[in-house]
Amino acid sequence: MDQNIKNMNTTALAFMGDAVYEVYIRKLVMDDGQTRADRLHAMAVPYVRAGGQAAAVKKMMNESFLTEEELTLVKRARNHKISSKPRNAGPVEYKLATAFEALLGALYLDGDIQRLEEIIKKAEETIGSLKK
């Protein structure tokens, strides 16, 4: 990972990661063939809500799925002081979800699309299993 990206503000990385992840999830739910926007939104919610993201990154951390460099970034982002108040999540979930998004943002900005997609696929699997 590029040194500038590794040291970038984690909130800025999460800002980018949120947008990147949203596009991937929208594509995922549209691949089901659904065309009604209200239904697409409902299908996307479990994947984009803080609880789902937090569960996914926590599982990746516990299973040693992340590289040492990725884990360092996730921990730094998780421990970053939050200035906004989470609406539909507790502070721990919110911090973990922000860390997940920061990781995605860093990978995207670094151009490591293959690894980005591996992590998103793992998150989709984890969150999909929670829905059942």
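Index from 1, following the sequence.
The salt bridge (charged side-chain N to carboxylate O under 4.0 Å, His left out) contacts involving residues 14-25 comprise Glu22-Arg26, where partners must be two or more places apart or lie in separate chains.
Checked against side-chain contact (heavy atoms from CB on, under 4.5 Å), Ala14 has the following partners two or more places apart in sequence or in another chain: Thr98, Glu101, Ala102. With sequence neighbours excluded, the residues forming a side-chain contact (heavy atoms from CB on, under 4.5 Å) with Tyr24 are Val20, Ile113, Leu116, Glu117, Ile120, listed by chain and number. Here Asp38 pairs with Arg36 under the salt bridge (Lys or Arg N to Asp or Glu O under 4.0 Å) rule; sequence neighbours left out. Lys58 meets the side-chain hydrogen bond (donor to acceptor under 3.5 Å, both in side chains) test with no other residue; sequence neighbours excluded. In this structure, the salt bridge (Lys or Arg N to Asp or Glu O under 4.0 Å) partners of Glu118, at least two apart in sequence or on a different chain, are Arg115. Ala99 is linked by a side-chain contact (heavy atoms from CB on, under 4.5 Å) to Val74, Ala77, Arg78, counting only residues two or more places apart in sequence or in another chain. Listed by chain and residue number, nothing satisfies the side-chain hydrogen bond (donor to acceptor under 3.5 Å, both in side chains) test with Glu68 (two or more places apart in sequence, or in another chain). In this structure, the side-chain hydrogen bond (donor to acceptor under 3.5 Å, both in side chains) partners of Lys121, at least two apart in sequence or on a different chain, are Glu125. Every residue was checked against the side-chain hydrogen bond (donor to acceptor under 3.5 Å, both in side chains) condition with Arg49, not counting sequence neighbours, and none meets it. Checked against side-chain contact (heavy atoms from CB on, under 4.5 Å), Ala50 has the following partners two or more places apart in sequence or in another chain: Ala89, Ala97.
Relative to the ring axis of Phe65, Lys122 places its NZ or CZ within 45° and under 6.0 Å from the centre.
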